[in-house]
Undergrad: 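The structure follows.
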Amino acid sequence: MPELPEVQTVVNHLAECITGRSITGTEISWARSIAVPGVTLFSQQLVGKVCRAVSRRGKYIVIALAPHGYLLCHLRMSGDLKVADAAAPRSKHERVRILFEGECELRFDDPRKFGKMYLVADPEEIVGTLGIEPFSRNFTSEALYERLHQRALRVKTLLLDQRCVAGLGNIYAVESLWHAGINPLVRSNKLSKERVVKLRNAIYEVLRKAVDARGTDLGDGVWKSGGYSPKTYGREGQPCRRCKTVIRRVIVNQRSTDFCPKCQSR
DNA sequence: CAACCGACCTGTTCGC
DNA sequence: TGCGAACAGGTCGGTT
């Protein structure tokens with residue numbers, strides 16, 4: 001479900017609500033939501049810590065704790081993290097609750113149970129292998145070109161590889177390729193410098209607009225607040241927003257991939 | 001080396 | 001209306 005813009009939306013919410021608060025307890029109803037360490041250690045080490053800051057790396061939420069340690073969370077397909085009043089009714093799919101002083105709690109909802117939380121000394125243990133952060137100054141067309149040309153994968157496959165660019169998922173990879181006019185099946189190492197410049201700019205613009213819109217609303221009720229409206233993703237059979245050609249769908253890496261056969265020809 | 005497949009899970013939608 | 005199949009925003013490890 002969540003890609004970079006949706007994760008950023010969660011981060012903004014958490015930063016506002018739990019920064020400076022201290023943890024008083026935990027409730028874990030699905031043990032496998034805790035990736036590391038074990039459930040017991042996780043709870044023991046969390047109690048008494050203070051939430052120092054909340055940030056994001058790729059699709060990981062990073063909560064810095066005082067006096068030490070980091071709580072990371074990956075929402076995977078269906079996860080959501082929100083702060084709620086202790087008295088507020090709980091959702092059906094709540095997996096972990098982290099209790100704070102002042103009757104407020106962090107709730108990890110995750111219907112499909114794919115999401116994970118990590119309590120570590122150094123976030124690099126988890127996010128160390130991630131690629132370029134799209135909003136950092138390192139995200140240049142030169143850097144992207146170099147990474148695309150290191151391998152001969154279909155360009156969309158490489159965009160989904162978090163070791164290349166961190167934060168893109170199926171929706172925004174599809175959207176970026178449409179904006180850049182690049183066919184998803186093209187080999188990454190065959191892209192010219194000019195096309196990589198277009199791709200870099202498309203990725204940056206798509207993500208920036210989606211963050212501003214607080215993510216995408218796909219109508220399942222989870223990201224209802226998200227106002228980003230995909231131009232191509234999920235529009236198979238409908239006219240291209242640019243040239244009216246019927247949008248087609250192919251499967252790349254077992255993921256649905258919508259594209260315009262004319263704007264994104266080979 | 002790149003592509004594919006099954007796991008991990010549950011909920012929703014679609015076709016009959 | 002009911003029921004099974006297909007599919008869903010992610011990632012990993014093992015095969016082809």
Side-chain angles (χ1 to χ4, degrees), chain A residues 1-11 29-36 56-61 72-81 91-96 108-118 125-131 134 147-178 184-190 203 206-207 209-211 213-237 249-258:
Chain A
M1 158 212 302
E3 302 179 34
L4 186 152
E6 291 78 17
V7 174
Q8 186 63 52
T9 302
V10 170
V11 165
S29 43
W30 182 253
R32 294 167 79 173
S33 292
I34 311 301
V36 66
R56 178 192 58 71
R57 176 76 172 98
K59 297 173 194 169
Y60 287 85
I61 294 159
L72 272 61
C73 183
H74 196 300
L75 304 172
R76 294 287 183 94
M77 291 287 270
S78 65
D80 191 18
L81 264 185
S91 93
K92 188 176 162 188
H93 303 296
E94 186 184 282
R95 308 302 179 198
V96 179
F108 181 43
D109 286 343
D110 188 19
R112 292 179 70 177
K113 301 177 175 172
F114 287 167
K116 296 273 185 256
M117 292 184 125
Y118 312 76
E125 294 171 36
I126 308 299
V127 301
T129 58
L130 292 181
R147 287 172 189 244
L148 290 171
H149 279 250
Q150 277 170 5
R151 303 220 265 156
L153 296 165
R154 290 159 172 166
V155 60
K156 193 212 172 197
T157 300
L158 198 41
L159 290 185
L160 290 178
D161 186 337
Q162 300 300 297
R163 294 169 300 187
C164 181
V165 178
L168 286 176
N170 206 33
I171 293 180
Y172 300 113
V174 164
E175 292 293 289
S176 298
L177 288 168
W178 180 81
L185 299 175
V186 166
R187 297 285 154 184
S188 60
N189 61 346
K190 299 292 182 195
I203 291 169
V206 161
L207 290 177
K209 281 181 183 151
V211 166
R214 310 183 79 231
T216 299
D217 181 1
L218 287 181
D220 65 0
V222 181
W223 294 101
K224 233 181 163 98
S225 62
Y228 184 86
S229 173
K231 292 278 200 300
T232 319
Y233 177 86
R235 297 193 65 251
E236 182 192 18
R249 169 172 288 191
V250 292
I251 302 297
V252 184
N253 263 28
Q254 282 80 254
R255 313 295 301 277
S256 294
T257 305
D258 301 312

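Every value quoted in this text rests on a predicted model; they were computed, and no experiment measured them. Below, read A as the first sequence line, B as the second, and so on, with proteins coming before strands; counting in each chain starts at 1.
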Undergrad: When you get a sec, tell me which of B:dA2, C:dG10, B:dG11 is the closest nucleotide to the side chain of A:Arg255?
TA: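 The closest nucleotide is C:dG10.
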
Undergrad: Which whole number of Å gives the distance between the C1' atom of C:dC3 and that of B:dC8?
TA: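 Each nucleotide's C1' atom is 25 Å from the other's.
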
Undergrad: Which one, B:dC9, B:dA2, C:dG9, comes nearest to the side chain of A:Ala152?
TA: B:dA2

Undergrad: A:Leu72 and A:Tyr60: which non-hydrogen atoms are nearest, and at how many Å?
TA: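 Scanning both residues, the minimum pair turns out to be CD2-CD2, 4.4 Å.
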
Undergrad: Say you draw a straight line from NZ of A:Lys231 to CH2 of A:Trp178; how long is it, rounded to the nearest 0.5 Å?
TA: 6.0 Å

Undergrad: How close or far is atom P of C:dG10 from atom CE of A:Met77, stated in whole angstroms?
TA: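 Taking atom P of C:dG10 as the reference, CE of A:Met77 is at 6 Å.
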
Undergrad: Determine the interatomic distance between P on C:dT1 and the same-named atom on B:dG11; round to the nearest Å.
TA: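 It works out to 22 Å between them.
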
Undergrad: Taking ring pair (Phe, Tyr, Trp, His ring centres under 6.0 Å) as the test, write out the residues that go with A:His93, two or more places apart.
TA: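 With sequence neighbours excluded, A:His93 shows a ring pair (Phe, Tyr, Trp, His ring centres under 6.0 Å) to no residue whatsoever.
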
Undergrad: Taking all heavy atoms of A:Ala152 and all of A:Asn189, pick out the closest pair and write down the distance.
TA: CB-ND2, 3.6 Å

Undergrad: Out of C:dA8, C:dT11, B:dC8, which has the shortest distance to the side chain of A:Arg32?
TA: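 So the nucleotide nearest the side chain must be B:dC8.
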
Undergrad: Looking at the side chain of A:Arg151, which of B:dC9, B:dA2, B:dG11 is the nearest nucleotide?
TA: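 Output: B:dA2.
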
Undergrad: Could you tell me how far apart A:Asp258 (CG) and C:dA8 (C1') are, to the nearest whole angstrom?
TA: 13 Å

Undergrad: Taking ring pair (Phe, Tyr, Trp, His ring centres under 6.0 Å) as the test, write out the residues that go with A:Tyr228, two or more places apart.
TA: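 So A:Tyr228 forms a ring pair (Phe, Tyr, Trp, His ring centres under 6.0 Å) with A:Tyr172.
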
Undergrad: Which dot-bracket string describes DNA chain C (Watson-Crick N1-N3 plus N6-O4 or O6-N4, or G-U N1-O2 and O6-N3, all under 3.5 Å; [ ] crossing; | other strand)?
TA: .|||||||.|||||||

Undergrad: Determine the contact category for A:Lys92: base if any of its heavy atoms lies under 4.0 Å from a base atom, sugar-phosphate if only primed atoms, P, OP1 or OP2 are that close, otherwise nothing.
TA: sugar-phosphate

Undergrad: What residues form a side-chain hydrogen bond (donor to acceptor under 3.5 Å, both in side chains) with A:Arg255, not counting sequence neighbours?
TA: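 Counting only residues at least two positions away or on another chain, A:Arg255 forms no side-chain hydrogen bond (donor to acceptor under 3.5 Å, both in side chains).
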
Undergrad: Taking atom P of C:dA8 as reference, at what distance in whole Å does atom CD1 of A:Ile171 sit?
TA: 11 Å

Undergrad: Of the listed nucleotides (B:dA3, B:dC8, B:dT10), which one gets closest to any side-chain atom of A:Leu153?
TA: B:dA3

Undergrad: For A:Phe114 and B:dC8, do the ring centres fall under 5.5 Å apart while the planes stay under 30° apart?
TA: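 Yes, the aromatic ring of A:Phe114 stacks with the base.
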
Undergrad: Nearest whole angstrom, please: distance from the C1' of C:dG10 to the CG of A:Asp110.
TA: 11 Å

Undergrad: At less than 4.0 Å, is any side-chain N or O atom of A:His74 found next to OP1 or OP2 of C:dT11? Yes or no.
TA: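 So the side chain of A:His74 is within the cut-off, an N or O lying under 4.0 Å from OP1 or OP2 of C:dT11.
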
Undergrad: Between A:Gln254 and A:Gln150, which has a closest nucleotide on DNA chain B that is more 5'?
TA: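 Nearer the 5' end of the strand: A:Gln150.
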
Undergrad: Should A:Val10 and A:Glu6 count as side-chain neighbours, where that means a heavy-atom distance under 4.5 Å?
TA: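 SC-SC contact between A:Val10 and A:Glu6 ruled out.
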
Undergrad: Between A:Ser188 and A:Arg151, what is the shortest heavy-atom contact and its length?
TA: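 Between these two residues, the closest heavy atoms are OG-O, 2.8 Å.
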
Undergrad: Test side chain to side chain donor-acceptor pair (under 3.5 Å) on A:Asp258 and A:Thr232 and set out the steps.
TA: CA-CA 6 Å; A:Asp258 301 312; A:Thr232 319; over 6 Å; no

Undergrad: Looking at B:dC8, I'd like to know if its phosphate oxygens (OP1 or OP2) sit under 4.0 Å from a side-chain N or O belonging to A:Lys113.
TA: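 No, because none of the side-chain N or O atoms of A:Lys113 sits under 4.0 Å from OP1 or OP2 of B:dC8.
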
Undergrad: Report yes if a side-chain nitrogen or oxygen of A:Ser78 is closer than 4.0 Å to either non-bridging phosphate oxygen (OP1 or OP2) of B:dG11; otherwise report no.
TA: no

Undergrad: Less than 4.0 angstrom between a side-chain N/O of A:His93 and OP1 or OP2 of B:dT10, yes or no?
TA: no

Undergrad: Given B:dA3, B:dC9, C:dG9, identify the nucleotide with an atom nearest to the side chain of A:Arg154.
TA: B:dA3

Undergrad: Provide the distance between the two P atoms, one in B:dC5 and one in C:dA6, to the nearest whole Å.
TA: 14 Å

Undergrad: When you measure from the side-chain N and O atoms of A:Arg249 to the phosphate of C:dC7, is any distance below 4.0 Å, counting only OP1 and OP2?
TA: no

Undergrad: Is A:Tyr172 touching bases, backbone alone, or none of the nucleic acid, heavy atoms closer than 4.0 Å?
TA: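 No contact.
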
Undergrad: Atom CG of A:Asn170 to atom P of C:dC7: distance rounded to whole Å?
TA: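 Atom-to-atom, A:Asn170 to C:dC7, this comes out as 13 Å.
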
Undergrad: How far apart are the closest heavy atoms of A:Met77 and A:Phe114, and which atoms are they?
TA: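 Taking every non-hydrogen atom into account, CG-CD1, 3.8 Å.
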
Undergrad: Report the distance from atom CD of A:Glu3 to atom C1' of C:dG10, rounded to the nearest whole Å.
TA: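 It is 9 Å, rounded to the nearest whole Å.
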
Undergrad: I'd like the C1' distance from C:dG2 over to B:dC9, given in whole Å.
TA: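 Each nucleotide's C1' atom is 24 Å from the other's.
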
Undergrad: Sticking with atom C1', work out how far B:dA3 lies from C:dG9, rounded to a whole angstrom.
TA: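 Approximately 22 Å lies between the C1' atom of B:dA3 and that of C:dG9.
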
Undergrad: Figure out the CG/C1' separation between A:Asn253 and C:dT11, and round it to whole Å.
TA: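 Whole-Å distance recorded here is 12 Å.
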
Undergrad: Near DNA chain C, under 4.0 Å by heavy atom, which residues of residues 155-167 of chain A?
TA: A:Gln162

Undergrad: Looking at residues at least two apart in the chain, or sitting in another chain, which of them share a side-chain hydrogen bond (donor to acceptor under 3.5 Å, both in side chains) with A:Arg163?
TA: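 Partners of A:Arg163 by the side-chain hydrogen bond (donor to acceptor under 3.5 Å, both in side chains) criterion, ordered by chain and then number, come out as A:Asp161.
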
Undergrad: How many whole angstroms separate atom CZ of A:Phe108 from atom P of B:dT10?
TA: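 After rounding, the reported distance stands at 14 Å.
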
Undergrad: With respect to A:Lys156, which candidate in A:Val250, A:Asn253, A:Leu185, A:Asn170 satisfies the side-chain contact (heavy atoms from CB on, under 4.5 Å) definition?
TA: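 For A:Lys156, the side-chain contact (heavy atoms from CB on, under 4.5 Å) check succeeds only for A:Asn170.
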
